[in-house]
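Working notes, beginning with the structure itself.
Order of the sequence lines sets the chain letters (A, B, ...), proteins ahead of strands, with each chain counted from 1. All values below were derived from every heavy atom in this structure, side-chain atoms included, with hydrogens, water molecules and symmetry-related copies excluded.
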Protein chains: 2
Amino acid sequence: MARKPADQSVNREEIITAAADVLSRRGYETATMKDIAAAVNLTAASLYHHFRSKDALLLAVLEMGLEFTINRIQPITCQRGLSAEERLRAMIREHIVGVADNPAVGAAMVFEIHALSHAKPPTRRAKPEDVQAFEAFLTQRDAFFRRRDAFEHLFRAVVQEGVRSGEFHPVDVPIFVKALLGANNWVGVWYRPDGRLSGEAIAAEITGYFIPALVMRKGARDGLV
Amino acid sequence: MARKPADQSVNREEIITAAADVLSRRGYETATMKDIAAAVNLTAASLYHHFRSKDALLLAVLEMGLEFTINRIQPITCQRGLSAEERLRAMIREHIVGVADNPAVGAAMVFEIHALSHAKPPTRRAKPEDVQAFEAFLTQRDAFFRRRDAFEHLFRAVVQEGVRSGEFHPVDVPIFVKALLGANNWVGVWYRPDGRLSGEAIAAEITGYFIPALVMRKGARDGLV
DNA sequence: GTTATAATCGAATCTGCATTAGATTATTTC
DNA sequence: GAAATAATCTAATGCAGATTCGATTATAAC
């Protein structure tokens with residue numbers, strides 16, 4: 001019968017967390033399975049008990065990071081009683097604070113997604129099971145990319161709603177969101193926990209940059225693109 | 001005596017350009033020297049006549065991209081007779097259009113800089129000349145990073161000037177510039193030449209997002225962070 | 001305690017590249 | 001055309017690092 005995993009044994013999630021950290025420090029290609037294993041006191045070989053391949057591990061790291069972020073942001077989008085501006089503000093805050101609180105994941109979401117796109121197919125003469133596994137990987141990867149698009153659409157929907165209702169200026173919604181997410185993601189690249197500003201402070205600052213483009217107070221709307 | 005290179009022979013610059021393209025498609029670690037060589041009809045071995053190592057080639061790609069961008073933007077910063085806002089607008093435009101015109105380089109500037117940080121030192125038992133070469137590489141890499149900082153400071157200087165003179169709101173200058181450059185760099189990640197908008201149009205759009213945070217027309221400044 | 005399987009390890013493989021070695025060809029200079 | 005060197009090639013070399021294999025240990029279920 002199936003048995004419960006032992007308590008002191010390393011579980012999937014611990015590995016993913018540790019891997020995110022190692023990846024952010026060494027980068028996907030430079031980080032070895034041995035490095036990652038060492039971070040959880042395992043051998044490289046042992047990692048293959050938990051993940052089919054290095055690529056699969058990377059995918060798991062990115063999926064975890066994305067789900068984490070979506071789980072924080074998605075509820076905000078449908079909060080009744082909040083204006084589009086209020087929701088957008090809250091979403092930006094959550095996004096940036098989330099990145100700042102998990103710089104490893106934040107950096108991975110920018111840099112290592114790249115590696116995901118370049119996963120190498122099994123070479124000729126690969127066992128059929130390997131080909132199978134790779135196709136499963138591709139399917140899972142596509143799902144990840146769709147999920148990432150869904151994340152972007154959370155922002156688009158709120159901005160779009162604000163534009164429709166006249167609360168926001170008629171910006172180009174896809175481009176606005178790309179610019180916003182670019183700025184937010186970039187935080188994961190340069191943020192240092194021991195830096196001058198906290199994640200909260202940075203979030204407040206950056207929110208203040210993007211909101212005025214959408215909302216102009218006191219009716220002074222002319223003169224703006 | 002030194003002789004002029006033959007006319008039909010491949011030169012450094014062609015290799016760098018081709019390498020940028022290959023790198024943007026395959027990524028640094030995935031792209032092989034053979035791939036890059038093939039893009040200029042050479043053999044992998046031949047590349048070593050032009051570049052000491054793969055790392056050195058990557059560095060050359062990034063240096064070229066950075067110099068290109070700085071050369072377009074630096075002159076704007078000191079144009080007499082233009083307000084800070086006018087200069088900043090022009091700088092953003094040049095930056096984004098530059099990225100859109102060279103998507104390969106733009107993407108490399110975001111993704112592959114990472115690889116640069118992870119260049120591997122020569123293994124033990126390396127010939128002293130190799131150690132020498134690696135140290136030279138490190139020096140050059142540091143210079144590159146300083147140059148990149150200098151690039152960032154071009155933006156900071158203009159924003160700072162606007163803030164000092166009262167033309168701009170008192171934003172947190174370093175953070176503002178990080179957010180701006182994040183949005184701009186991100187264009188290199190998602191821009192497609194056959195997309196809906198031209199580089200110019202995107203530049204105009206994004207400029208319109210950041211300027212209102214700095215400049216509020218018609219004196220309606222209250223209510224803003 | 002016996003069995004099944006989860007979790008781990010040490011010690012091979014196996015292979016894909018970066019890089020080197022040693023020619024060969026091309027071009028310029030004189 | 002001879003000398004020098006730039007530019008290229010073909011054919012190794014070498015190695016790091018992902019992945020596999022086959023054992024071994026630990027734990028849960030019964």
In whole angstrom, give the distance that lies between atom [atom1] of [X] and atom [atom2] of [N].
X: A:Arg26; N: D:dA16; atom1: CZ; atom2: P; result: 15 Å
X: A:Tyr28; N: D:dA16; atom1: OH; atom2: C1'; result: 15 Å
X: A:Phe137; N: D:dT19; atom1: CZ; atom2: C1'; result: 16 Å
X: A:Leu47; N: C:dG10; atom1: CG; atom2: C1'; result: 15 Å
X: B:Ile36; N: C:dT19; atom1: CD1; atom2: C1'; result: 14 Å
X: B:Leu42; N: C:dT25; atom1: CG; atom2: P; result: 17 Å
X: B:Asp130; N: D:dC15; atom1: CG; atom2: C1'; result: 14 Å
X: B:Met33; N: C:dT20; atom1: CE; atom2: C1'; result: 13 Å

Quiz prompt | A:Val97 side chain reached by A:Arg72 side chain, heavy atoms, under 4.5 Å | solution =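 The answer is yes, as the side chains (C-beta and beyond) meet within the 4.5 Å cut-off.
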
Applying a 4.0 Å non-hydrogen cut-off, can you work out what [X] is touching in the nucleic acid: base, sugar-phosphate, or nothing?
X: B:Thr32; result: sugar-phosphate
X: B:Ala31; result: sugar-phosphate
X: B:Asn41; result: sugar-phosphate

Practice problem: Indicate the atoms forming the closest heavy-atom contact of B:Tyr48 with B:Ser53, along with that distance. | Solution: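 What the structure gives for the nearest pair is CE2-CA, 4.1 Å.
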
Self-check item: Non-hydrogen atoms of A:Ile36 and A:Ala19 that approach each other most closely
Solution: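 Reported closest heavy-atom pair: CG2-CB, 3.8 Å.
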
Quiz item: At what distance, to the nearest 0.5 angstrom, does CZ of B:Phe151 lie from OG1 of B:Thr69?
Solution: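 Those atoms lie 6.0 Å apart.
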
Exercise. Please report the C-alpha distance between A:Tyr191 and A:Asp101 in whole Å, then the side-chain angles of each, then the deciding distance to 0.1 Å, and finally whether the side-chain hydrogen bond (donor to acceptor under 3.5 Å, both in side chains) criterion is met.
Key: CA-CA 10 Å; A:Tyr191 175 78; A:Asp101 283 349; 5.8 Å; no

Quiz item: Would one find a side-chain N or O of A:Ser46 under 4.0 angstrom from OP1 or OP2 of C:dA7?
Solution: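 False: A:Ser46 side-chain N/O out of range (4.0 Å or more) of C:dA7 OP1/OP2.
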
Practice problem: For DNA chain D, find the residues of residues 48-58 of chain A with a heavy-atom distance under 4.0 Å and give them by number; none if there aren't any. | Solution: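 Close to the strand are A:Tyr48, A:Ser53, A:Lys54.
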
Quiz item: Between A:Asp172 and B:Tyr209, is any side-chain donor less than 3.5 angstrom from a side-chain acceptor?
Solution: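 There is no such pair between these side chains.
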
Self-check item: Residues forming a ring-ring contact (aromatic ring centres under 6.0 Å, His included) with B:His118, sequence neighbours excluded
Solution: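 In terms of ring-ring contact (aromatic ring centres under 6.0 Å, His included), with neighbours along the sequence ignored, B:His118 is linked to B:His114.
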
Quiz item: If you check every side-chain atom of A:Lys120, which of D:dT8, C:dC17, C:dA21 has the closest atom?
Solution: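 Nearest listed nucleotide: C:dC17.
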
